[in-house]
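Read through the structure below, which is laid out as structure tokens, and then see the notes.
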Amino acid sequence: MRTSASKIRFQKINLITIVLLFVLILAGGIVRSTGSGMGCPDWPKCFGQYIPPTNVAQLPKDYKKKYIAENIAKNNNFAKTLDVFGFSDLARRIREDKSILVPEEFNAAQTWTEYINRLLGEITGLFFLLTAIFSFAYRRESKLLPFLCILNVVLVGFQAWLGSIVVSTNLVSWIVTVHMMLALGILAISICTYHLAKVYGRHKLNVSPITHVITLFALIISILQIVFGTEVREKIDAVSNHLQGGYREDWVNDAGSIYFQHRDIAILVLLINVVLYALIRNGFKKHAVQHQVMSFTFLMIMLQIVTGILLKYWNLPPAAQAAHIVLASLVFGAQFYLMLNLYRSVRIGEVRR
């Protein structure tokens, strides 16, 4: 059955959006690893300008007092929202967080790093909107596909708002974790809509239940690994602040048990994917898309282990930090795409008989 031009256009735009998401995650990792998250103290503008300043002379008058006051007001409104939903303890912690009152010194490199990250976010958001518009090419075949695309636009809007909260709360740890988890959720929906478009009309595959179970388990473990990794980073940030940026070689060891838990889960991720690779190898033909995705996943896991070693023994180089998080996201994305292709494959006739 021939695919119409409008449907092919949707698939291409959806795929570009997925690629842009990974680029955006990489950019976010660079922002975090270089300490540029507060490079722009306000949102959506940067120092009240659409094009950020390059030197102190271009800064607004009394900008520190102004943005601290704005952030306090925003945080109080956010705390009230948390109170309404029963998160009174979190609301209290935000109200009492004194670090919010400490202004960031201007750094042109950090400002432009954060600004470029925001530009990438805006471009990605535009592609999400285009994806939602062109998804209606499938409205007759699947009402779920346009719904998911529209849902993603809403989630991207919420993610942008949450990004402003990340800035105003001076990167309060738990908000950063939620920010990352929501990014993975948006990524999963984008991969799902791409897959739905590619496999429309295909029959379900006859795959052993154990393969489905192990794939789901591998995906859950990878998510936990990312959560623990985010918490490790938060702990290291606390250690760094306590040591005032010095003694960098001690940061990982001073992070405590959370680092060792993160390392142990990494070993579990490797082992469960070895088992999964064996199942995929036995269940699918050599050049099946499931084989290709599993091989890609394995490569990403090995590269992630390498960056983890670099982080441990080379005092957390920023490039390795950014690579580590984007590799984790690629592992998650590949595992999720594999799970979808165990139900319906984007190619026909790949299961071994």
Side-chain angles (χ1 to χ4, degrees), residues 21-22 25-26 28-33 173-174 176-185 187-188 191 210-240 248-281 290-339:
L21 263 175
F22 285 116
I25 290 172
L26 175 61
I30 293 172
V31 167
R32 187 77 194 271
S33 63
S173 58
W174 67 271
V176 175
T177 301
V178 173
H179 200 53
M180 183 63 200
M181 291 299 101
L182 184 56
L184 293 182
L187 174 61
I191 293 173
I210 187 63
T211 304
H212 286 290
V213 171
I214 295 298
T215 304
L216 179 60
F217 183 61
L219 183 63
I220 292 172
I221 293 299
S222 292
I223 294 172
L224 287 176
Q225 173 73 338
I226 293 173
V227 171
F228 271 83
T230 306
E231 292 182 359
V232 168
R233 178 64 210 189
E234 292 164 2
K235 186 65 176 179
I236 288 175
D237 285 345
V239 171
S240 171
R248 192 180 183 95
E249 66 277 5
D250 296 328
W251 290 2
V252 173
N253 291 330
D254 290 348
S257 62
I258 188 68
Y259 164 74
F260 297 102
Q261 293 168 358
H262 179 61
R263 182 198 61 189
D264 293 344
I265 295 178
I267 296 172
L268 182 58
V269 168
L270 178 60
L271 293 176
I272 195 67
N273 277 279
V274 169
V275 175
L276 182 57
Y277 184 82
L279 290 171
I280 295 297
R281 184 174 181 178
Q290 292 81 1
H291 255 287
Q292 294 173 354
V293 173
M294 193 67 238
S295 297
F296 175 81
T297 302
F298 230 94
L299 175 61
M300 295 302 101
I301 290 173
M302 299 311 297
L303 290 175
Q304 195 179 14
I305 291 173
V306 171
T307 57
I309 293 172
L310 289 174
L311 291 171
K312 167 65 176 176
Y313 295 103
W314 274 267
N315 302 329
L316 299 166
Q321 292 180 45
H324 199 62
I325 188 61
V326 77
L327 286 169
S329 302
L330 285 166
V331 169
F332 167 82
Q335 288 177 332
F336 186 73
Y337 190 56
L338 173 62
M339 186 176 69

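FYI, the numbering just counts along the sequence from 1. These numbers come from a predicted model, not from an experiment. FYI, side chains are in, hydrogens and waters are out, and symmetry mates aren't considered; it's all heavy atoms of this structure.
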Practice task
Determine, step by step, whether V331 and I226 satisfy the side-chain contact (heavy atoms from CB on, under 4.5 Å) criterion, reporting the C-alpha distance in whole Å, the side-chain angles of both residues, the deciding distance to 0.1 Å, and the verdict.
Solution key: CA-CA 10 Å; V331 169; I226 293 173; over 6 Å; no

Exercise for the section: Determine, stepwise, if the pair M302 / L270 fulfils side-chain contact (heavy atoms from CB on, under 4.5 Å). Expected result: CA-CA 8 Å; M302 299 311 297; L270 178 60; 4.1 Å; yes

Exercise for the section: Please lay out, stage by stage, how S329 and M180 fare under the test side-chain contact (heavy atoms from CB on, under 4.5 Å). Expected result: CA-CA 10 Å; S329 302; M180 183 63 200; 3.5 Å; yes

Exercise for the section: Assess whether side chain to side chain donor-acceptor pair (under 3.5 Å) is satisfied between T297 and Q335, documenting all intermediate values. Expected result: CA-CA 7 Å; T297 302; Q335 288 177 332; 5.9 Å; no

Handout entry: Test side-chain contact (heavy atoms from CB on, under 4.5 Å) applied to I223 and M181, step by step
Key = CA-CA 8 Å; I223 294 172; M181 291 299 101; 4.3 Å; yes

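Taken to the nearest 0.5 Å, the CD1 atom of I220 stands 11.0 Å off from the CZ atom of F332. Once rounded to the nearest 0.5 Å, the distance linking CD of Q290 with OG1 of T211 reads 10.5 Å. I267 contributes atom CD1, which lies 10.0 Å from atom CD of Q225 (distance to the nearest 0.5 angstrom). Once rounded to the nearest 0.5 Å, the distance linking CD1 of I305 with CD1 of I301 reads 7.0 Å. Rounded to the nearest 0.5 Å, atoms OG1 (T177) and CZ (F228) are 11.5 Å apart. Between the CG atom of L276 and the CZ atom of R281 there is a distance of 13.5 Å, given to the nearest 0.5 Å.
Across every non-hydrogen atom of V232 and I258, the tightest pair is CG2-O, 3.6 Å. In terms of heavy-atom proximity, A323 sits nearest to T307 at CB-CG2, 4.1 Å. A pairwise comparison of heavy atoms in S33 and P318 identifies OG-O, 3.3 Å as the closest pair. Here the shortest heavy-atom pairing between A320 and L310 reads CB-CB, 4.2 Å. When all heavy atoms of S222 and V269 are compared, the closest pair comes out as OG-CG1, 4.3 Å.
Counting only heavy atoms from C-beta outward, the side chains of I280 and V293 never approach each other to under 4.5 Å. Between D264 and Q261, the closest side-chain pair of non-hydrogen atoms is not below 4.5 Å. Taking 4.5 Å as the limit, some side-chain heavy atom of V274 sits within range of a side-chain heavy atom of F298.
In this structure a side-chain-to-backbone donor-acceptor pair under 3.5 Å is present from Q321 to L316.
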